[in-house]
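See below for the structure under consideration.
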Amino acid sequence: EPPTNPFNARSLRKMEAGNIWESIVGYVLNRAGILQARQTWVQYQYGGLLPVSGKLDFEAGGKPDYDKAMAVVSKEITWLPEFIMRATKQIIENLKEQYSDGLKNIIIEVKSCGSFMFDKYDKAKKPNMNHRMQTFHYLKATGKDEAHIIYVDRDSARLL
């Protein structure tokens with residue numbers, strides 16, 4: 001069906017900004033050696049009801065080579081802005097410290113938002129109900145038991 005209320009140019013730019021952040025997260029997961037799959041279409045159907053489908057952002061896990069990831073970031077990816085380089089290196093260090101034996105294979109959903117909503121999620125200490133339901137759907141469809149939602153503040157590059 002043709003859309004009755006198509007996205008305006010501003011909304012499309014906001015979605016593209018989200019795609020940029022999602023790509024950066026995927027790049028980090030890939031370089032860390034834990035990206036298992038990206039943009040996977042899944043479907044689940046309860047008996048007697050319509051099927052529901054969606055496209056999860058990432059599946060990630062396994063035992064990364066943290067030292068190799070840090071070396072690649074430090075020597076090969078010098079074209080990224082400095083704040084992204086710092087964030088990437090900090091993510092690798094945090095993962096190395098917290099998960100020295102590797103990470104469980106989980107679903108990761110990346111959401112970008114403006115600072116107003118980011119502050120709301122940060123204060124509430126829990127994700128938006130719609131995002132929780134979305135990841136619940138992905139869990140049902142894949143049989144996995146864990147999903148994480150990452151919020152990126154488009155205004156300040158904060159992560160939650």
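Please read all numbers here as calculations on a predicted model, not as lab measurements.
- Between the side chain of Asp155 and the backbone N or O of Ser115 there is at least one donor-acceptor pair closer than 3.5 Å.
- Ser74 places a side-chain N or O within donor-acceptor distance of the main-chain N or O of Met70, the cut-off being under 3.5 Å.
- Between Asp145 and Lys104, the closest side-chain pair of non-hydrogen atoms falls below 4.5 Å.
- Rounding to the nearest 0.5 angstrom, the gap separating the CG atom in Leu160 from the CD1 atom in Ile149 is 10.0 Å.
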Exercise. Hey, mind stepping through Arg86 and Glu82 against side-chain contact (heavy atoms from CB on, under 4.5 Å) and telling me if it holds?
Worked result: CA-CA 6 Å; Arg86 282 193 315 269; Glu82 181 58 32; 3.2 Å; yes
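- Judged purely by atom type and a 3.5 angstrom limit, Tyr138 has no side-chain atom pairing as donor or acceptor with the backbone of Met133.
- Shown here for Pro64 and Gly102, the closest heavy-atom pair between the two residues is CD-CA, 4.2 Å.
- In this structure, Lys140 contributes its side chain and Gln43 its backbone to no donor-acceptor pair below 3.5 Å.
- The main-chain N or O of Arg132 is found under 3.5 Å from a side-chain atom of Thr135 such that the two form a donor-acceptor pair.
- A pairwise comparison of heavy atoms in Ala157 and Phe83 identifies CB-CE1, 3.7 Å as the closest pair.
- Looking at heavy atoms from C-beta onward, Arg158 lies in side-chain contact with Asp119 at the 4.5 angstrom threshold.
- Formation of a donor-acceptor pair under 3.5 Å by the Thr88 side chain with backbone atoms of Ile84 is found in this model.
- Taking CG from Asn128 and NZ from Lys120, the interatomic distance works out to 6.5 Å, rounded to the nearest 0.5 Å.
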For this session: In sequence, state the C-alpha distance, the side-chain angles, and the governing distance for Val28 and Leu35, and then conclude on side-chain contact (heavy atoms from CB on, under 4.5 Å).
Result: CA-CA 9 Å; Val28 171; Leu35 179 64; over 6 Å; no
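- In this structure, NZ on Lys14 lies 14.0 Å from CG on Asn19, to the nearest 0.5 angstrom.
- For the pair Ile107/Phe58, no side-chain contact is recorded, criterion being any heavy-atom separation below 4.5 Å from C-beta on.
- Contact of the His148 side chain with the Ile106 side chain is registered, since non-hydrogen atoms from C-beta on lie closer than 4.5 Å.
- Residues Glu109 and Lys111 are paired through a salt bridge, judged by an N-O separation under 4.0 Å between the basic side chain and the carboxylate.
- With contacts defined as side-chain heavy-atom distances shorter than 4.5 Å, the pair Ser53/Val42 does not qualify.
- Crowding of Lys68 atom NZ: a count of heavy atoms from other residues, nucleotides or ligands under 6.0 Å not exceeding 12.
- Using a 4.5 Å cut-off on side-chain heavy atoms (C-beta onward), Ile20 and Ile24 make contact.
- Between the side chains of Gln134 and Asn130, no donor-acceptor pair of N or O atoms lies under 3.5 Å.
- Nearest heavy atom pair, residue Gly54 against residue His137, reads N-NE2, 3.7 Å.
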For this session: Take Lys63 and Ile34 through the side-chain contact (heavy atoms from CB on, under 4.5 Å) test and state the conclusion after the steps.
Result: CA-CA 7 Å; Lys63 178 114 168 95; Ile34 59 173; over 6 Å; no
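- The aromatic ring centres of Tyr151 and Tyr121 sit less than 6.0 Å apart.
- Counting only N and O atoms by type, the side chains of Asn94 and Glu97 include no donor and acceptor under 3.5 Å apart.
- Side-chain atoms of Arg154 never come within 3.5 Å of backbone atoms of Ala17 as a donor-acceptor pair (strictly under, hydrogens ignored).
- Summarising the geometry, atom OH belonging to Tyr27 is positioned 8.0 Å from atom CG belonging to Asn30; distances are rounded to the nearest 0.5 Å.
- A salt bridge links Glu59 to Lys144: one of the charged nitrogens lies within less than 4.0 Å of a carboxylate oxygen.
- Tyr99 OH: 12 or fewer foreign heavy atoms inside a 6.0 Å radius.
- With values rounded to the nearest 0.5 angstrom, Phe7 atom CZ is found 7.0 Å from Leu12 atom CG.
- In terms of heavy-atom proximity, Ser112 sits nearest to Gly18 at OG-CA, 3.1 Å.
- Every residue was checked against the salt bridge (charged side-chain N to carboxylate O under 4.0 Å, His left out) condition with Glu93, not counting sequence neighbours, and none meets it.
- Annotation: side chain of Ile108 is not in contact with side chain of Asp57 (no heavy-atom distance under 4.5 Å).
- Residue Phe116 is grouped with residue Phe118 when hydrophobic side chains (ILVMFWY) are merged at heavy-atom distances under 4.5 angstrom, including chains of intermediate members.
- Residues Met117 and Asp153 fail the side-chain proximity criterion, which asks for heavy atoms closer than 4.5 Å.
- Tyr66 is connected to Met85 through a chain of hydrophobic side-chain contacts under 4.5 Å among Ile, Leu, Val, Met, Phe, Trp and Tyr, so both are in one cluster.
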